[in-house]
Amino acid sequence: MTKLLLPVLAALALLVGCTETASQRMGPDGRPVPVVYRITDRDVESIQVRMRDGINAIREEQRLPPVELNAQLTSAAATHSRDMSVQRRPWHFGSDGSSPIDRVQRAGYSGQFLGELVSETFETELETLTAWLGQRETRSVLMERRMREIGFAWHQDANGKLWWTLTTGTPQQMASMAGR
């Protein structure tokens with residue numbers, strides 16, 4: 001990671017600490033007891049905005065253009081998060097054999113699909129973003145120069161496990177100009 005990226009990751013860590021989670025309890029063995037990060041319907045917009053803003057903070061440090069949330073990409077992400085929960089595994093193929101491209105097309109996205117990130121965790125959205133940034137392959141999806149739109153959604157199981165999906169794309173007019 002570049003030296004410029006380290007302050008941004010530190011800022012993300014501070015934001016993670018500011019998200020609404022219960023205080024850490026200690027178990028009889030003296031180790032922290034996991035805290036379930038419960039998401040309610042009223043949290044949806046703020047979680048999506050935190051993810052967008054976290055991505056944009058990292059992209060700004062790298063002098064990349066910002067991204068905006070897109071309803072169709074978010075719909076595709078939500079569908080896939082529920083499906084991963086049903087399948088009980090974080091991966092890019094739907095139970096019907098669909099690919100990420102199939103899902104964004106079904107959701108009516110007219111732009112160019114660029115990538116998809118998935119995660120199975122009990123962690124918050126910003127902890128998940130930090131983990132994605134820590135891996136070369138997933139970080140490259142977030143740092144794609146052509147990316148201008150994201151979809152971000154999740155499904156939470158009764159036990160608190162979260163199935164996160166982030167889809168990325170570029171608007172049709174930009175994709176058309178790149179093809180010229």
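- Within the 4.5 Å cutoff, the side chain of Lys161 has heavy atoms near those of the Glu120 side chain.
- Between Phe93 atom CZ and Ser98 atom OG the span is 9.0 Å, to the nearest 0.5 Å.
- Here the closest non-hydrogen pair linking Ser119 and Pro90 is C-CB, 4.3 Å.
- No side-chain donor-acceptor contact under 3.5 Å links Asn70 to the backbone of Ile150.
- A donor-acceptor distance shorter than 3.5 angstrom exists from the side chain of Arg59 to the backbone of Leu142, with no hydrogens or angles considered.
- Between Arg52 and Glu68 there is a salt bridge, since a side-chain N of the basic residue sits under 4.0 Å from a carboxylate O of the acidic one.
- Heavy-atom minimum distance, Thr170 versus Glu149: C-OE1, 4.0 Å.
- Gln156 places a side-chain N or O within donor-acceptor distance of the main-chain N or O of Ile39, the cut-off being under 3.5 Å.
- In this structure, Asp53 contributes its side chain and Arg50 its backbone to no donor-acceptor pair below 3.5 Å.
- Residues Tyr37 and Glu125 bring a donor and an acceptor atom of their side chains to less than 3.5 Å of each other.
- The existence of a salt bridge linking Asp96 and Arg106 is confirmed by a sub-4.0 Å separation between a basic side-chain nitrogen and an acidic carboxylate oxygen.
- Counting non-hydrogen atoms of other residues, nucleotides and ligands closer than 6.0 Å to CD of Glu137 gives a total above 12.
- Residue pairs meeting the ring pair (Phe, Tyr, Trp, His ring centres under 6.0 Å) criterion with at least one member in residues 127-160, sequence neighbours excluded: Phe152-Trp154, Phe152-Trp164, Trp154-Trp164.
- Only one option out of Ile101, Thr74, Val104 pairs with Tyr109 in a side chain to side chain contact (heavy atoms under 4.5 Å, CB included); it is Val104.
- Here the CZ atom belonging to Arg82 is positioned 11.5 Å from the OG atom belonging to Ser95, to the nearest 0.5 angstrom.
- To the nearest 0.5 angstrom, Ser110 atom OG is 7.0 Å from Gln72 atom CD.
- Under 3.5 Å, the side chains of Asp157 and Trp163 contain a donor-acceptor pair of N or O atoms.
- Minimum heavy-atom separation, Arg103 to Ala76: O-CB, 3.7 Å.
- With a 4.5 Å cut-off on side-chain heavy atoms, His80 and Thr167 do not count as touching.
- By the criterion of side-chain heavy atoms lying less than 4.5 angstrom apart, applied directly or through intervening Ile, Leu, Val, Met, Phe, Trp or Tyr residues, Met143 is not grouped with Leu73; the two fall into different hydrophobic clusters.
- Taken together through direct or relayed side-chain contacts under 4.5 Å among Ile, Leu, Val, Met, Phe, Trp and Tyr, Leu69 and Leu129 form part of one hydrophobic cluster.
- At least one donor-acceptor pair under 3.5 Å links the side chain of Arg148 to the backbone N or O of Arg145.
- With hydrogens and angles ignored, the 3.5 Å screen pairs a side-chain donor or acceptor of Glu127 with a backbone N or O of Thr124.
- The cluster map of Ile, Leu, Val, Met, Phe, Trp and Tyr, joined by side-chain heavy atoms under 4.5 Å apart, puts Leu117 and Leu64 in the same cluster.
- To the nearest 0.5 angstrom, Leu162 atom CG is 7.5 Å from Thr128 atom OG1.
- The structure places CD1 of Ile47 at 10.5 Å from CZ of Arg42, a figure rounded to the nearest 0.5 Å.
- Panel note: side chain Thr168, backbone Gly115; a donor-acceptor pair is recorded below 3.5 Å.
- Phe113 and Met147 are not part of a single hydrophobic cluster, where members link through side-chain heavy atoms under 4.5 Å apart.
- Remark: the Asp43 side chain and the Thr40 side chain contain an N/O donor-acceptor pair separated by less than 3.5 Å.
- Looking at Arg146 and Leu114, their side chains come closer than 4.5 Å, going by heavy atoms from C-beta outward.
- With a 4.5 Å cut-off on side-chain heavy atoms, Leu133 and Thr138 do not count as touching.
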